[in-house]
Amino acid sequence: MDSKPNMTVNYPNLPELTVRGMLLGALITVIFTASNVYLGLKVGLTFSSSIPAAVISMAILRMFQHSNILENNMVQTQASAAGTLSAIIFILPGLLMLGYWQGFPFWETLLLCACGGSLGVLFTIPLRRAMVVNSDLPYPEGRAAAEILKVGSDIRQAEAAHEDTSKKETGMKDIVSGTALAGLFSLCANGFHILSSEFSYWIALGKTATTQLPLGFSMALLGAGYLIGIASGIAILVGTLLAWVVFVPYLTSVITPAEGQAAADFASQIWAQKVRFIGAGCIGIAAVWTLIRLAKPVIDGIKMSISAIRDNDTAEKKALHHTDIDMTPKSIAIVFIAILVGLFITFYSFVGAAGLPMSVTITYIVVGIIVAVLMGFFVAAACGYMAGLIGTSASPISGIGILGIIVSSLVVFALSTSFGIFETAEGTKFATALAIFITSVIVSIAAISNDNLQDLKTGYIVGATPWKQQVALILGSVIGAIAIAPVLNLLYQAYGFTGALPRESMDPSQALSAPQATLMTTIAQGIFSSSLDWDYILLGIGVGIVVIIIDLLLTKNTKALALPPLAVGMGIYLPPTLEIPLVIGSVIGYFVHKHLKARAALRSPGHEEEDVEACNHRGVLFASGLIVGESLMGVIIALLIVVSVTSGGSENPLALVGKDFKSTADILGLVCFIGAIALFVGHILSTKFTPEKKD
């Protein structure tokens with residue numbers, strides 16, 4: 001598939017940032033933000049909103065004259081902030097669990113999220129050339145969104161010109177087929193609950209040693225796996241095996257479980273409380289290594305961008321190079337200064353409430369902003385790279401959050417020790433809260449940068465203007481930030497969080513678990529009480545160094561062999577039921593491609609590459625459809641849940657069966673997942689290639 005922008009189309013003449021597009025993007029952003037905040041607090045997962053936004057945009061703007069692919073792209077770019085900025089829920093509720101806040105102050109929350117999100121946009125600008133233009137990272141969701149936009153645009157243009165649309169409709173049929181399959185599967189699994197969305201078979205290896213054979217049935221991750229390539233898939237598998245064949249069995253054999261605790265629950269607890277920290281350590285050192293390797297390309301990219309801006313002094317050159325123009329240095333400087341002012345205001349409001357001497361207050365504010373900005377650039381590079389490897393949905397933002405809370409806590413701990421803050425319980429609570437507050441900015445930066453490079457990849461493929469996308473994403477960050485505080489307050493007053501109930505009469509069992517916020521608050525408290533076990537993080541750093549060395553040895557002589565260290569770290573950190581569909585998809589892509597080459601050599605001698613490309617393109621479109629279907633159905637189900645719960649109804653409004661149906665649902669889910677794989681592979685291999693006749 002050719003992922004280069006189409007430079008023959010005079011795209012600068014097409015409107016991109018339009019009023020109607022920005023209004024539509026704002027509406028989608030608010031709706032998706034509310035849904036994502038609820039789901040994230042309830043189960044710890046959020047959905048990527050880029051692709052659903054692209055589909056909704058095409059459907060709505062199709063009713064207007066002169067809408068185009070670039071306008072649709074801007075809508076999805078802006079709305080994608082909803083699926084990412086809502087990751088702030090992974091840390092911010094910790095201030096309520098700590099008892100420091102009694103609600104979410106609107107202006108502090110707004111400024112914190114808006115400034116953090118906008119910084120995420122700015123920090124990815126110098127990364128664009130190195131990680132999007134001059135990189136072979138797959139960006140599965142970015143490619144999928146681009147394919148959807150391109151196919152929809154081609155059909156509309158053909159209809160407007162009264163041309164034959166049969167060939168173009170074939171591409172749309174591929175996308176629709178994948179969308180229908182994934183949407184139906186997701187509806188049955190996450191809506192009706194007649195199919196399981198995952199399955200785990202637990203294995204006892206000794207008296208207490210336990211592991212599992214996991215399998216997730218996510219169609220979107222299967223499609224993303226097909227797009228990421230075999231190297232990333234194998235690296236994720238290596239991380240999964242390290243976690244569940246080495247670390248979990250060993251630790252469950254040497255640590256005594258609680259009396260009466262089930263083996264599966266004990267193994268899950270060990271993974272969540274110990275092995276994930278190994279993964280976080282591996283991700284951390286791999287991220288540092290990634291930043292080191294990116295340093296030269298990033299610096300070169302900055303120089304090239306500045307040079308391109310200076311050289312674009314004629315209308316003709318601007319038209320030719322519009323796909324390579326970022327925000328100008330002057331614009332970046334203005335936005336950056338505005339962000340620093342916003343951060344100073346919100347930090348002053350937060351720290352000033354502690355009643356400390358002015359010199360101490362200013363020191364905390366300055367150090368907090370410096371830590372957030374410096375750590376922010378680091379996580380921007382790491383998250384952008386992870387999104388390029390496996391996509392936005394599966395990228396472990398919470399893992400980056402763990403690194404952020406550790407760094408923030410250590411800095412605040414050192415500063416607070418010198419000020420004597422720990423002499424009182426209130427001082428300790430303030431220091432812990434400040435570390436969480438700083439980390440909230442870092443998580444906002446990580447979330448947006450994780451998404452922004454994916455969007456820039458989409459724009460690069462369809463021929464969009466980068467600076468306009470960057471403006472759209474800043475708008476999305478601000479609009480999403482406006483929606484977050486009211487939604488968080490609404491959910492807090494309605495349900496409360498685990499360990500933080502607004503009223504004594506509330507039922508604790510109905511509280512939103514906010515699992516990541518609970519974990520990060522616990523880490524911060526562990527650092528300030530000097531009770532955090534560093535052994536697992538240090539072990540993860542060691543594992544990461546070994547993987548980096550192996551990757552260097554593999555790639556020394558050939559690019560065909562690689563073991564991306566970040567992917568290995570993600571394999572250890574992420575839930576295995578999310579990883580296995582990615583691995584399966586990457587293996588399918590590898591063997592299908594290999595089979596296509598062998599078949600083409602027999603069927604169409606002299607046209608092997610064209611044959612393989614024709615089949616593989618259908619595979620990319622179908623895989624894109626799988627991502628679309630599950631994403632759209634996730635949005636629909638999320639909205640139905642929010643409406644049902646807020647009106648006093650069930651948390652599973654579409655459920656047709658009860659919990660006693662689970663064993664049957666497991667079997668049905670496995671059978672249907674295998675059938676879906678067979679349909680996927682069969683669809684790719686059914687492509688008929690006819691060489692073009694030459695005169």
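Just so you know, these numbers use all the heavy atoms, side chains as well, and skip hydrogens, waters and symmetry mates.
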Looking at [X] and [Y], what are the two nearest heavy atoms and their distance?
X: V132; Y: L456; result: CG1-O, 4.0 Å
X: V248; Y: T252; result: O-OG1, 2.7 Å
X: D551; Y: P565; result: OD2-CD, 3.9 Å
X: M570; Y: I283; result: N-CG1, 4.0 Å
X: F661; Y: I194; result: CE2-O, 3.5 Å
X: P249; Y: V245; result: CG-O, 3.5 Å

Could you walk me through whether L242 and V568 pass the side-chain contact (heavy atoms from CB on, under 4.5 Å) test, one step at a time?
-> CA-CA 9 Å; L242 282 174; V568 174; 4.2 Å; yes
Within the 4.5 Å heavy-atom criterion, are [X] and [Y] side-chain neighbours or not?
X: V547; Y: L563; answer: yes
X: F192; Y: V657; answer: no
X: L473; Y: Q78; answer: no
X: T458; Y: N73; answer: yes
X: Y573; Y: I402; answer: yes
X: T577; Y: L215; answer: no
X: V462; Y: L70; answer: yes
X: T179; Y: E630; answer: no

Considering only distance and modelled atom types, tabulate donor-acceptor pairs under 3.5 Å from the side chains of residues 262-274, sequence neighbours left out.
residue : atom : partner : partner atom : Å
S268    : OG   : A264    : O            : 3.0
Q269    : OE1  : Q261    : NE2          : 2.7
W271    : NE1  : I572    : O            : 3.3

Would you sort out whether L237 and V587 count as a side-chain contact (heavy atoms from CB on, under 4.5 Å), showing the intermediate values?
-> CA-CA 11 Å; L237 179 61; V587 171; over 6 Å; no
Can the ring centres of F622 and Y226 be said to be less than 6.0 Å apart?
->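 No; Y226 has its ring centre 6.0 Å or more from that of F622.
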Please find out if less than 6.0 Å separates the ring center of F217 from that of F199.
->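 Between F217 and F199, the centre distance exceeds or equals 6.0 Å.
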Distance (rounded to the nearest 0.5 Å) between [X] [atom1] and [Y] [atom2]:
X: I461; Y: R143; atom1: CD1; atom2: CZ; answer: 7.0 Å
X: R276; Y: C282; atom1: CZ; atom2: SG; answer: 14.0 Å
X: L187; Y: M633; atom1: CG; atom2: CE; answer: 4.5 Å
X: T211; Y: Y201; atom1: OG1; atom2: OH; answer: 12.0 Å
X: L574; Y: E579; atom1: CG; atom2: CD; answer: 5.0 Å
X: I588; Y: I677; atom1: CD1; atom2: CD1; answer: 4.5 Å

May I have the step-by-step check of side-chain contact (heavy atoms from CB on, under 4.5 Å) for L24 and I60, ending in yes or no?
-> CA-CA 9 Å; L24 177 59; I60 294 177; 3.6 Å; yes
Return the set of residues passing side chain to side chain donor-acceptor pair (under 3.5 Å) with S186 (not counting sequence neighbours), or none when no residue passes.
->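 S186 satisfies side chain to side chain donor-acceptor pair (under 3.5 Å) with N190 once adjacent residues are dropped.
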Got a sec, which residues hit side chain to side chain donor-acceptor pair (under 3.5 Å) with S197, two or more places apart in sequence or on another chain?
->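 If we apply the side chain to side chain donor-acceptor pair (under 3.5 Å) test to S197, skipping adjacent residues, there are no hits.
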For Q212, what residues pass the side chain to side chain contact (heavy atoms under 4.5 Å, CB included) criterion, not counting sequence neighbours?
->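 Listed in chain order: S200, W202, P214, W244, P576.
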Return the set of residues passing side chain to side chain contact (heavy atoms under 4.5 Å, CB included) with A655 (not counting sequence neighbours), or none when no residue passes.
->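 For A655, the residues satisfying side chain to side chain contact (heavy atoms under 4.5 Å, CB included) (neighbours in sequence not counted) are H193, N652.
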Is there a donor-acceptor pair closer than 3.5 Å between any side-chain N or O of Q454 and the backbone N or O of G142?
->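 At least one qualifying donor-acceptor pair exists.
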Only pairs under 3.5 Å count here: list side-chain donor-acceptor contacts from residues 666-675, not counting sequence neighbours, and write none if there are none.
residue : atom : partner : partner atom : Å
D666    : OD1  : S196    : OG           : 2.4
D666    : OD1  : K662    : NZ           : 3.4
D666    : OD2  : K662    : NZ           : 3.2

Working for side-chain contact (heavy atoms from CB on, under 4.5 Å), residues I28 and V75 | CA-CA 9 Å; I28 297 174; V75 173; 4.1 Å; yes
